[in-house]
Each structure stands twice: as structure tokens, then as C-alpha cells.
Novice: 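My questions all concern the structure below.
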There are 2 protein chains.
Amino acid sequence: MQKLTAQRQAILDMINRSDKHWDADDVAYALKEEGISIGIATVYRGLAALADQGLIESIQLADKKRYERADKAHHDHLICTRCGSIEEFCEPEIESLQDKVAAERGFKIEGHQLLLFGLCKTCKAEES
Amino acid sequence: MQKLTAQRQAILDMINRSDKHWDADDVAYALKEEGISIGIATVYRGLAALADQGLIESIQLADKKRYERADKAHHDHLICTRCGSIEEFCEPEIESLQDKVAAERGFKIEGHQLLLFGLCKTCKAEES
DNA sequence: ATGCCGAATGATAATCACTATCACTATCAT
DNA sequence: ATGATAGTGATAGTGATTATCATTCGGCAT
């Protein structure tokens with residue numbers, strides 16, 4: 001019932017073209033740069049639909065949602081509170097511990113989000 | 001420079017009185033019930049200040065921030081996407097794996113947030 | 001006591017990400 | 001072609017949170 005329209009295809013192509021973590025404005029702006037003008041509401045709906053279909057991944061930060069390519073292995077994020085950079089990491093052992101915890105409580109996991117906040121290597125070095 | 005004023009003390013007492021996960025409106029409403037009327041802006045500022053001082057803990061959900069008592073061992077959260085209930089769990093092994101990952105990348109962890117989304121035991125049983 | 005100063009308060013306006021509305025359009029099945 | 005269904009885009013609305021600003025509070029030095 002969800003359609004992959006021309007607009008959504010354009011959004012998907014844009015996101016697949018880089019490893020960035022996009023918010024809705026980023027996408028709308030980048031598309032406009034290429035002469036493709038899509039209403040902001042459509043961008044929001046498109047991002048939600050694409051994430052729903054598993055074609056892109058979403059992460060919920062404190063202020064806004066960001067989206068990234070889905071054609072990578074699952075991973076979680078390290079977020080620098082100083083420069084805002086986002087690094088990715090993959091730790092299968094954490095995933096299986098999550099499953100264990102959920103199983104113990106009869107909880108059925110549908111998704112998860114692990115964010116580590118702190119200082120990235122560069123910012124740590126620059127701290128006085 | 002941050003002061004523990006009468007208003008903030010009232011907020012803190014309220015939160016320490018139960019194991020709930022409070023949002024700003026919850027706190028304002030509960031205080032009003034007791035005849036203590038505090039401006040909503042003051043509640044927001046008070047919650048932020050108390051969390052800043054480590055007197056309460058905060059968790060950032062998709063829609064809003066929630067606060068809870070800090071006088072418990074560190075834990076993470078299981079959030080039911082059907083009924084909204086929040087369970088807590090503690091898994092030290094996950095914490096140490098996080099430290100390992102960060103150390104490998106020269107990242108200095110200042111905090112983290114692990115949310116597991118899905119169906120709680122009750123809601124899982126009620127699903128057709 | 002008095003005056004000063006930085007911080008807090010509270011009413012309210014503003015912000016910001018996001019969602020709803022609604023008229024219109026595109027797509028697809030019959 | 002016809003109708004059903006979903007999508008689009010401009011714009012208004014929503015809801016949590018923050019900024020503004022005049023006023024007040026709590027210490028501390030005089």
C-alpha cells in the first residue's frame with residue numbers, strides 16, 4: 001500500500017549517495033540544489049515511508065530524527081557532544097545481551113537504539 | 001551557581017516519592033494537586049537544573065523528556081510501543097562492552113542511552 | 001538594617017520539528 | 001473511461017520546549 005513514487009525515489013537516491021545522517025531539511029535542501037523541488041511535508045512523509053519499508057534507517061536524536069542508508073550492517077552510534085559528529089560502531093555481543101534481557105522478561109523486541117554520548121577523538125584532544 | 005530553591009526542592013521531593021518516569025506536565029500537575037503551583041517554565045528549568053546536578057536522571061524519548069529518581073543503580077529501559085509502559089533493566093556486561101568500543105576509538109564516553117522498543121509481556125499476550 | 005547583585009520566577013511569546021488538513025493529482029485495477 | 005486508493009504540496013496547527021522580560025528572592029558586604 002506504500003508506493004515508491006518519483007519523489008520518494010529521489011529522496012532515497014539522495015540518501016544512498018552518501019554516508020551522512022540526514023534530517024528532513026538536509027534532504028529538501030540537497031534536492032533543491034539539484035533542481036528537484038519537493039514539498040517539505042512530502043519529504044517528511046517520504047522519509048517515514050522509506051524507513052517503514054526498511055529502505056533507509058532512522059535514528060532519533062534529542063532534537064530531531066535523522067536518516068541514513070540501510071544498505072549497511074546494523075550498527076549503533078557514538079555522538080560527539082562537542083562537534084556533533086556521528087560515528088558508527090557494531091558490537092554483536094551487545095545485541096545478543098539485549099535479546100537475553102528481553103527474553104528473561106517476556107518482552108518482544110521490535111527495535112532498539114543505543115547512543116553513546118561524549119567526546120570524539122579529535123575533540124578530546126582539543127579539550128584543555 | 002545553580003540554586004536548590006523551594007520550587008526545585010518541591011519538584012525533587014515529588015520525583016523522589018515514586019518510581020515513575022515523569023514529564024514536565026506530570027510534575028506540574030502533581031504539584032498542583034498538592035496545592036503547590038509552580039509556573040510551567042519553572043518546572044522545565046527546575047528539571048533541567050536538577051538533572052544537571054545529578055539529583056535526578058533524564059531519559060530522552062522520541063516525543064518528550066522524562067525524569068526519574070537518581071538514587072537507584074544505573075539502568076536502561078524497555079519501552080512498550082503499544083501501552084507506553086517503561087520497564088527498567090540493568091546489564092553490566094553491556095556497559096563494559098560500551099566502554100570497550102569507545103576505548104578502541106579514542107572516544108570519551110560522558111553518557112549513554114539504550115532503549116529497547118517492543119511489546120511488554122502483557123501486550124505480547126494480548127496481540128492476536 | 002540597607003543596598004546590591006546574580007540567579008530564579010512566572011506569564012507569555014516565540015521557536016522548531018513535525019503532523020493534520022484539504023484540494024488536487026497520479027496510479028492502478030476493473 | 002471510471003472509481004478507488006494513495007500521494008502531493010501549500011499551509012495551518014500541534015506540542016514540547018525555550019526565550020524574553022519585568023519582578024522577586026537570597027546572600028553578602030557595607
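What you see is a predicted model, and the numbers here were worked out from it, not measured in a lab. Order of the sequence lines fixes the chain letters, A, B, ..., with proteins taken first and strands second; residue numbering starts at 1 for each chain.
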Novice: So that I can tick it off, tell me whether B:K65 and B:D23 are bridged by a salt bridge, with the cut-off set at under 4.0 angstrom between side-chain N and carboxylate O.
Specialist: no
Novice: Would you say the ring centers of B:H112 and B:H74 fall short of 6.0 Å from each other?
Specialist: yes
Novice: Going from OG on B:S58 to NE2 on B:H21, what distance comes out if it is rounded to the nearest 0.5 angstrom?
Specialist: 11.0 Å
Novice: To the nearest 0.5 Å, what is the distance between CG on A:L119 and CZ on B:F107?
Specialist: 7.0 Å
Novice: At under 4.0 Å, does any side-chain N or O of A:T5 touch on OP1 or OP2 of D:dT8?
Specialist: yes
Novice: Quick check on D:dT8: is either OP1 or OP2 less than 4.0 Å from any side-chain nitrogen or oxygen of A:R8?
Specialist: yes
Novice: Counting just side-chain N and O atoms, does B:Q7 come under 4.0 Å of either OP1 or OP2 of D:dC25?
Specialist: no
Novice: Tell me what A:T42 touches on the nucleic acid: a base, only sugar-phosphate, or nothing, going by heavy atoms under 4.0 Å.
Specialist: base
Novice: Using the salt bridge (charged side-chain N to carboxylate O under 4.0 Å, His left out) rule, take A:K64 and A:D25 through it: C-alpha gap first, then chi angles, then the decisive distance, then the call.
Specialist: CA-CA 11 Å; A:K64 59 175 71 161; A:D25 279 333; 5.3 Å; no
Novice: Short of 4.0 Å, heavy atom to strand atom, which residues of residues 47-66 of chain A count as contacting DNA chain C?
Specialist: A:D63, A:K64, A:K65
Novice: Report yes if the side chains of B:E68 and B:I59 come closer than 4.5 Å at any heavy-atom pair, otherwise no.
Specialist: yes
Novice: Around atom NZ of A:K32, are there more than 12 heavy atoms of other residues, nucleotides or ligands at under 6.0 Å?
Specialist: no
Novice: Going 5' to 3' through nucleotides 23-30 of chain C, assign each nucleotide B (protein heavy atom under 4.0 Å from a base atom), S (under 4.0 Å only from sugar-phosphate atoms) or - (no protein heavy atom that close).
Specialist: --------
Novice: What is the distance from OH of B:Y44 to P of D:dA16, rounded to the nearest Å?
Specialist: 6 Å
Novice: Check each residue of residues 9-26 of chain B for a non-hydrogen atom within less than 4.0 Å of any atom in DNA chain C, then write out the ones that pass by number, or none.
Specialist: none
Novice: Quick one: do A:E87 and A:K121 make a salt bridge, cutoff under 4.0 Å?
Specialist: no
Novice: Counting side-chain heavy atoms from C-beta on, which of C:dT21, C:dA8, C:dG10 comes nearest to B:A41?
Specialist: C:dG10
Novice: Inspect the contact between B:E126 and B:R82 and indicate whether a charged nitrogen and a carboxylate oxygen are less than 4.0 angstrom apart.
Specialist: yes
Novice: Whole angstrom is fine here: how far is it from CD1 in B:I40 over to P in C:dA8?
Specialist: 18 Å
Novice: If you measure from CD on A:E88 to CG on A:L78, what distance do you get to the nearest 0.5 Å?
Specialist: 9.5 Å
Novice: Considering only heavy atoms from C-beta outward, does the side chain of A:L115 approach that of B:L115 to under 4.5 Å?
Specialist: no
Novice: Rounding to an integer number of Å, can you tell me how far B:R45 CZ sits from C:dA11 P?
Specialist: 11 Å
